[in-house]
Number of protein chains: 2
Amino acid sequence: MNPLALEAQMCFPLYAAARAMQRAYRPLLTELGLSYPQYLTMLVLWERDGMPVNAIGTRLHLDSGTLTPLLKRLERRGVIERRRRAEDERVVEVYLTEEGHQLREQAEQVPLQLLCKVDLPREDVAELRTTLTELLARLESA
Amino acid sequence: MNPLALEAQMCFPLYAAARAMQRAYRPLLTELGLSYPQYLTMLVLWERDGMPVNAIGTRLHLDSGTLTPLLKRLERRGVIERRRRAEDERVVEVYLTEEGHQLREQAEQVPLQLLCKVDLPREDVAELRTTLTELLARLESA
DNA sequence: GCCCATTAAGTTGCGCACAATTAAATAGAG
DNA sequence: CTCTATTTAATTGTGCGCAACTTAATGGGC
């Protein structure tokens with residue numbers, strides 16, 4: 001087979017599936033008033049509130065060039081607050097507002113709704129998740 | 001486990017791995033003078049030359065809002081030409097230039113180089129590709 | 001032939017990603 | 001204590017992705 005064929009490679013299905021996933025999330029997230037990357041950022045903050053921009057970036061593999069404007073939009077949206085750390089003025093810590101905390105309850109339903117849309121066997125999903133995480137690790141280290 | 005945890009969901013590994021893949025491709029594609037989506041577009045054209053914008057879009061799941069400026073950049077780059085179809089002036093057909101054809105030979109090496117970077121067992125890659133294609137199909141139909 | 005629905009590309013506007021650079025604060029060597 | 005290197009965000013510029021809309025050409029009903 002042609003080694004350059006779209007379907008012969010892993011990269012295109014990965015690219016296409018990632019975008020299709022975002023499209024599947026979009027209607028659900030629109031109800032929350034969040035974009036997909038904003039939703040991921042909120043997931044991080046719901047896990048641990050008050051994280052520095054830096055730490056959020058490490059978690060999501062994003063840099064300040066992406067996060068700074070994204071966080072400003074989340075702040076305008078009213079779900080977070082950005083505060084300079086008093087002991088080290090370089091660091092900006094990100095805190096959930098009351099509205100940000102409340103939004104979590106609405107968000108709880110999202111993952112299940114999504115899984116229904118996908119309708120893949122539970123174990124296939126788990127295995128895909130594992131393999132992708134493995135792939136990610138190898139790509140990061142290379 | 002917290003259902004909203006990043007690692008509990010499939011969406012984040014998919015998002016992160018897709019971006020890590022693009023980062024892994026970047027240095028290889030920079031040598032060809034192409035971005036990642038431009039490379040995918042060239043893959044489509046190397047398979048079949050002279051495709052209408054529309055058909056390229058179907059193949060890559062992209063619309064004219066993305067493709068039109070991308071194709072203009074590929075044209076400036078000198079690897080393609082855009083020509084209106086004579087029998088139907090609505091259609092723009094995309095043709096490889098001589099340079100575009102030649103670029104294919106350089107590109108032939110890219111997929112293998114990438115697989116080396118990833119260094120996953122051959123059958124894992126094949127299975128991942130299959131599962132992602134399946135996932136894509138289900139997301140598209142939903 | 002005329003009108004209207006359809007189809008194809010292009011345009012506009014916004015929000016990521018990411019490279020490269022800048023600005024500001026801190027830490028550490030001497 | 002001072003000077004320099006490091007760390008952290010922010011800024012700038014480019015190229016996607018995609019929704020919404022516009023423009024232009026075609027086709028089909030009458």
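Only heavy atoms go into these numbers, but all of them, side chains included; no hydrogens, no water, no symmetry mates. Lettering of chains follows the sequences in order, A, B, ..., and the numbering in each one begins at 1.
Dashed line: the shortest gap from a side-chain N or O of B:Lys72 to OP1 or OP2 of D:dC16 is not under 4.0 Å. Between A:Arg19 and the phosphate of D:dC16, there is no side-chain N or O to OP1/OP2 separation shorter than 4.0 Å. For A:Arg26, no side-chain nitrogen or oxygen approaches OP1 or OP2 of D:dC18 to under 4.0 Å.
Atom P of nucleotide D:dA10 and atom CD1 of A:Ile56 are separated by 11 Å, given to the nearest angstrom. Remark: C1' of D:dG15 and CG of B:Leu74 are 12 Å apart, rounded to the nearest angstrom. When rounded to the nearest whole Å, the span between CG of A:Leu62 and P of D:dT8 equals 17 Å. Rounded to an integer number of Å, the gap from CE of B:Met42 to P of D:dC16 is 13 Å. Between the CG atom of A:Leu29 and the C1' atom of D:dA19 there is a distance of 16 Å, given to the nearest Å. When rounded to the nearest whole Å, the span between CZ of B:Arg90 and P of D:dG27 equals 6 Å. Rounded to whole Å, atom C1' of D:dT14 lies 11 Å from atom CD of B:Gln38. Going from atom CG of A:Leu67 over to atom P of D:dA9 covers 9 Å, rounded to whole Å.
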- request: Take B:Glu7 and A:Arg129 through the test salt bridge (charged side-chain N to carboxylate O under 4.0 Å, His left out) and record every step on the way to the result.
  value: CA-CA 8 Å; B:Glu7 271 69 22; A:Arg129 186 164 49 69; over 6 Å; no
message: Show, in sequence, the C-alpha distance, side-chain angles and deciding distance for A:Val110 and A:Leu32, and conclude whether the side chain to side chain contact (heavy atoms under 4.5 Å, CB included) test is met.
response: CA-CA 10 Å; A:Val110 170; A:Leu32 308 187; 4.2 Å; yes
Worked check of side chain to side chain contact (heavy atoms under 4.5 Å, CB included) between B:Met42 and B:Leu74: CA-CA 9 Å; B:Met42 293 302 286; B:Leu74 282 178; 4.1 Å; yes
Residues B:Gln38, B:Leu29; criterion side chain to side chain contact (heavy atoms under 4.5 Å, CB included); working and verdict: CA-CA 9 Å; B:Gln38 287 167 10; B:Leu29 297 183; over 6 Å; no
task: Apply side chain to side chain contact (heavy atoms under 4.5 Å, CB included) to the pair B:Gln9 and B:Leu4, showing each step before the final yes or no.
output: CA-CA 7 Å; B:Gln9 304 187 53; B:Leu4 287 181; 4.3 Å; yes
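Residues A:Pro37 and B:Ala55 both approach DNA chain C. Their nearest nucleotides, taken by heavy-atom distance, put B:Ala55 toward the 5′ side. The nearest heavy atom of DNA chain D to B:Ala86 and to A:Leu71 marks one nucleotide each, and the one closer to the 5' end goes with A:Leu71.
Scanning DNA chain C for stems, defined as runs of 3 or more consecutive Watson-Crick or G-U wobble pairs whose donor-acceptor distances all fall under 3.5 Å, gives the following ranges: C:1-30 with D:1-30.
Between B:Glu89 and B:Arg84 no salt bridge is recorded (no basic side-chain N to carboxylate O distance below 4.0 Å).
For A:Val92, counting side-chain heavy atoms from C-beta on, the closest listed nucleotide (D:dG17, D:dT8, D:dA10) is D:dA10. With D:dA25, D:dA10, D:dG17 as the choices, the nucleotide that has an atom nearest any side-chain atom of A:Ser64 turns out to be D:dA10.
Within 4.0 Å of A:Pro52, counting heavy atoms only, lie sugar-phosphate atoms of the nucleic acid but no base atom. Using a 4.0 Å heavy-atom cutoff across all strands shown, B:Leu70 reaches sugar-phosphate atoms only and no base atom. Nucleic acid contact class of A:Glu87 (heavy atoms, under 4.0 Å, all strands): sugar-phosphate only. Residue-level contact check: A:Arg85 touches neither bases nor backbone, having no heavy atom under 4.0 Å from any strand. Backbone-only engagement by A:Ser35 is indicated by non-hydrogen atom pairs under 4.0 Å involving sugar-phosphate atoms exclusively.
Of the possible polar contacts, none joining the A:Arg85 side chain to the A:Pro52 backbone as a donor-acceptor pair under 3.5 Å is found.
The footprint of chain A on DNA chain C, defined by a heavy-atom cutoff below 4.0 Å, extends from C:dG15 to C:dT26.
Using cut-offs of 30° and 60° on the angle between ring planes, the pair B:Tyr36 and B:Tyr25 is tilted. Between A:Trp46 and A:Tyr39, the two ring planes are perpendicular [angle over 60°; tilted spans 30° to 60°].
For the pair A:Val53 and A:Arg82, the minimum side-chain heavy-atom distance is 4.5 Å or more.
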